[in-house]
Novice: 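Before I ask anything, here is the structure I am working with.
Heads up: numbering here begins at 1 and tracks the sequence. Computation of the quantities below employed the complete heavy-atom set of this structure, encompassing side-chain atoms and omitting hydrogens, waters and symmetry-equivalent molecules.
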Amino acid sequence: MMEPVLGIAKQVVFKPLLEEDGVAVEAEQDGYNRHWQAPIAELNPAVHAFQALTIRKWEEYLASSSGRLAEAR
């Protein structure tokens with residue numbers, strides 16, 4: 001009984017849902033291709049905080065590794 005129900009659900013629910021995602025992803029890629037140089041308008045503050053943390057940690061790593069390189073010379 002479960003297999004026929006899932007077969008119908010696949011066609012009625014899941015396929016249209018995935019097709020909508022495909023349209024959205026294509027539109028997003030087209031927009032990026034046309035406006036790749038424009039800054040991204042990010043509304044989620046967690047994204048900015050994560051990016052700032054990543055940059056800070058990378059800069060700390062570079063500073064510490066360059067210090068180790070200078071000591072090794």
Novice: Quick one: side-chain hydrogen bond (donor to acceptor under 3.5 Å, both in side chains) partners of Gln29, sequence neighbours excluded?
Specialist: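 Applying side-chain hydrogen bond (donor to acceptor under 3.5 Å, both in side chains) to Gln29 gives Asn33.
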Novice: Would you say Leu53 has more than 12 foreign heavy atoms packed within less than 6.0 Å of its CG?
Specialist: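 More than 12 within 6.0 Å, yes.
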Novice: Nearest 0.5 angstrom please: Lys57 NZ to Glu60 CD, how far?
Specialist: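 Here the rounded value is 4.5 Å.
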Novice: Does atom CD of Glu19 have more than 12 heavy-atom neighbours, drawn from other residues, nucleotides or ligands, at distances under 6.0 Å?
Specialist: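 Enclosed: over 12 neighbouring heavy atoms sit under 6.0 Å from CD of Glu19.
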Novice: Could you measure the distance from the CD atom of Gln37 to the OH atom of Tyr32? Nearest 0.5 Å is fine.
Specialist: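 With rounding to 0.5 Å, CD (Gln37) is 9.5 Å from OH (Tyr32).
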Novice: Rounded to the nearest 0.5 Å, what's the gap from CD on Gln11 to CG on Leu6? Could you check?
Specialist: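 The distance works out to 12.0 Å.
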Novice: For the pair Glu59 and Arg56, find out whether any cationic side-chain nitrogen is under 4.0 Å from an anionic carboxylate oxygen.
Specialist: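 Salt bridge between Glu59 and Arg56, a charged N being under 4.0 Å from a carboxylate O: no.
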Novice: Side-chain heavy atoms under 4.5 angstrom apart, residues restricted to Ile, Leu, Val, Met, Phe, Trp, Tyr: same cluster for Val13 and Val5?
Specialist: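 Each belongs to a different hydrophobic cluster.
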Novice: Do Val23 and Val25 land in one hydrophobic cluster if side-chain heavy atoms of ILVMFWY residues count as linked below 4.5 Å?
Specialist: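 No: no chain of side-chain contacts under 4.5 Å links Val23 to Val25.
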Novice: More than 12 heavy atoms of other residues, nucleotides or ligands under 6.0 Å from CD of Glu3: yes or no?
Specialist: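 It does not: Glu3 CD has 12 such atoms or fewer within range.
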